[in-house]
Amino acid sequence: MPELPEVETVARILREGSGPQRPPLAGRVIRQARVLWPREVSGIPAPAFVRRVAGRRVAAISRHGKYLILELRGAEDGGVADSSSASPRQPLFMLAHLRMSGRLDVVPEADAFTPHARVVWLLDDGWALRFDDARKFGRVYLTERVSDVTGKLGPDALSVNPQEFAARLLAKRGALKPILLDQHFIAGVGNIYADESLFLARLHPTRLAATLTADDALRLGEAVRQTLLDGIAANGASFDWVYPGGNYQEHFKVYGRAGLPCVDCGRPVRRIVVGQRSTHFCAACQM
DNA sequence: GGGCATGTTAGCAC
DNA sequence: TGTGCTAACATGCC
């Protein structure tokens, strides 16, 4: 389910909770972690991962691009002491990337071990944090420096302002669609929001960045920002069996609408493949 | 059974 | 160095 608006929605739910069936994760203490699919834990052996998160409290939840960032602190305030680390007060950061089918939910401990549960963190008061991931592409990281994981990414697609976006874009040479999907350019845009942003900006997905005017580039920067904000306002999009959540899919103008009339001109939306990704656009409206 | 899928990355060619 | 293509990762739905 993972593009920036969906990940932002997950971060908000983990911070604030979502009704009595989903209390907040923020502030809770991890009693114990269980790694059910070790390949999902990256950069650290699973036993060390389990040892190092035990007794830590989730102090803050943030996001960069499509990465969720959980700040873990020693739980001196009533939690179990962290006996494995030389300096238990030093914050640790646990990052998660949902890739294609990952989900991260606080659930009752009794419901934690679903068939596709890959990592489960047992919390206080009978709750658990569950990383469920049918396709096993998702990843969980543990590090003392967030930049070890996110250092090569571009600026977060919502933090970058349209002027900065335009300047970066005008320095590129390739086609617009692959540039938007390149997480080293800006972090957070995926296939759906790339197509929707290009439609909003009236720019063709295979248009070369080098042919854009400064005004074109600025318009695309504003379109990306607006599309992501619209997605967040709808709590993200729901993706069939993978992610029931928001309702942004009801607002798609081109994505998944091949053959249907363009909402602006009525001509059929076209689907092509660009950089191995399915790409939807209106040939009359986007140039 | 074939085709498709929201993502990322290594390897390779130019 | 930048760009772009292919394959791979692994599974489930239509």
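These figures come from a predicted structure and were not determined experimentally. Residue numbers begin at 1 in each chain, while the letters A, B, ... track the order of the sequences.
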Write down the partner of C/dG2 under the Watson-Crick or G-U wobble criteria, each distance required to be under 3.5 Å.
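Pairing partner: B/dC14.
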
Partner of C/dA10 by Watson-Crick or G-U wobble geometry, both contacts under 3.5 Å, or none?
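Checking every strand shown, C/dA10 finds no partner, since no pair has both distances under 3.5 Å.
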
Minimum-distance nucleotide to [X] side chain [options: [options]]:
X: A/Lys66; options: C/dA10, C/dG12, B/dG7; answer: B/dG7
X: A/Lys172; options: B/dG7, C/dT3, C/dG12; answer: C/dT3
X: A/Gln183; options: C/dG2, B/dT8, B/dA5; answer: B/dT8
X: A/Arg271; options: C/dT3, B/dT8, B/dC4; answer: B/dC4

Can a side chain N or O of [X] be found less than 4.0 Å away from OP1 or OP2 on [N]?
X: A/His116; N: C/dG12; value: yes
X: A/Ser101; N: B/dA5; value: no
X: A/Arg277; N: B/dG7; value: yes

In whole Å, what is the span from the [atom1] atom of [X] to the [atom2] atom of [N]?
X: A/Lys136; N: B/dA5; atom1: NZ; atom2: P; result: 22 Å
X: A/Tyr193; N: B/dG7; atom1: OH; atom2: C1'; result: 15 Å
X: A/Ile186; N: B/dT8; atom1: CD1; atom2: P; result: 12 Å
X: A/Phe252; N: B/dA5; atom1: CZ; atom2: P; result: 13 Å
X: A/Lys152; N: C/dG2; atom1: NZ; atom2: P; result: 13 Å
X: A/Lys177; N: C/dT3; atom1: NZ; atom2: C1'; result: 17 Å
X: A/Asp182; N: C/dG4; atom1: CG; atom2: P; result: 10 Å
X: A/Leu180; N: C/dT3; atom1: CG; atom2: P; result: 13 Å

Only one of A/Thr143, A/Ile61, A/Val146 clears side-chain contact (heavy atoms from CB on, under 4.5 Å) with A/Ile69; which?
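Among A/Thr143, A/Ile61, A/Val146, the one meeting side-chain contact (heavy atoms from CB on, under 4.5 Å) with A/Ile69 is A/Val146.
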
Establish, yes or no, whether a centroid distance under 6.0 Å links the rings of A/Tyr67 and A/Phe93.
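Here the rings of A/Phe93 and A/Tyr67 have centres that are no less than 6.0 Å from each other.
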
Ring-ring centroid check A/Tyr255 A/Phe281, cutoff 6.0 Å
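No, they do not, as the ring centres are separated by 6.0 Å or more.
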
Under 4.0 Å, heavy atoms only, any strand: does A/Arg39 hit a base, just the sugar-phosphate, or nothing?
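Result for A/Arg39 = sugar-phosphate.
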
Within the structure shown, what part of the strands sits under 4.0 Å from A/Tyr255 by heavy-atom distance: base, sugar-phosphate, or nothing?
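It contacts sugar-phosphate atoms only.
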
Would you please classify the geometry between the A/Trp121 ring and the A/Phe131 ring as parallel, tilted or perpendicular, with 30° and 60° separating the classes?
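A/Phe131 and A/Trp121: tilted rings.
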
Has A/Phe137 got its ring stacked on B/dT8, by the test of a centre gap below 5.5 Å and a plane angle below 30°?
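Check failed, A/Phe137 does not stack on base of B/dT8.
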
Can you tell me if A/Arg57 uses its side chain to pair, donor with acceptor, with the backbone of A/Glu71 under 3.5 Å?
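No, because the side chain of A/Arg57 does not come within donor-acceptor range (under 3.5 Å) of the backbone of A/Glu71.
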
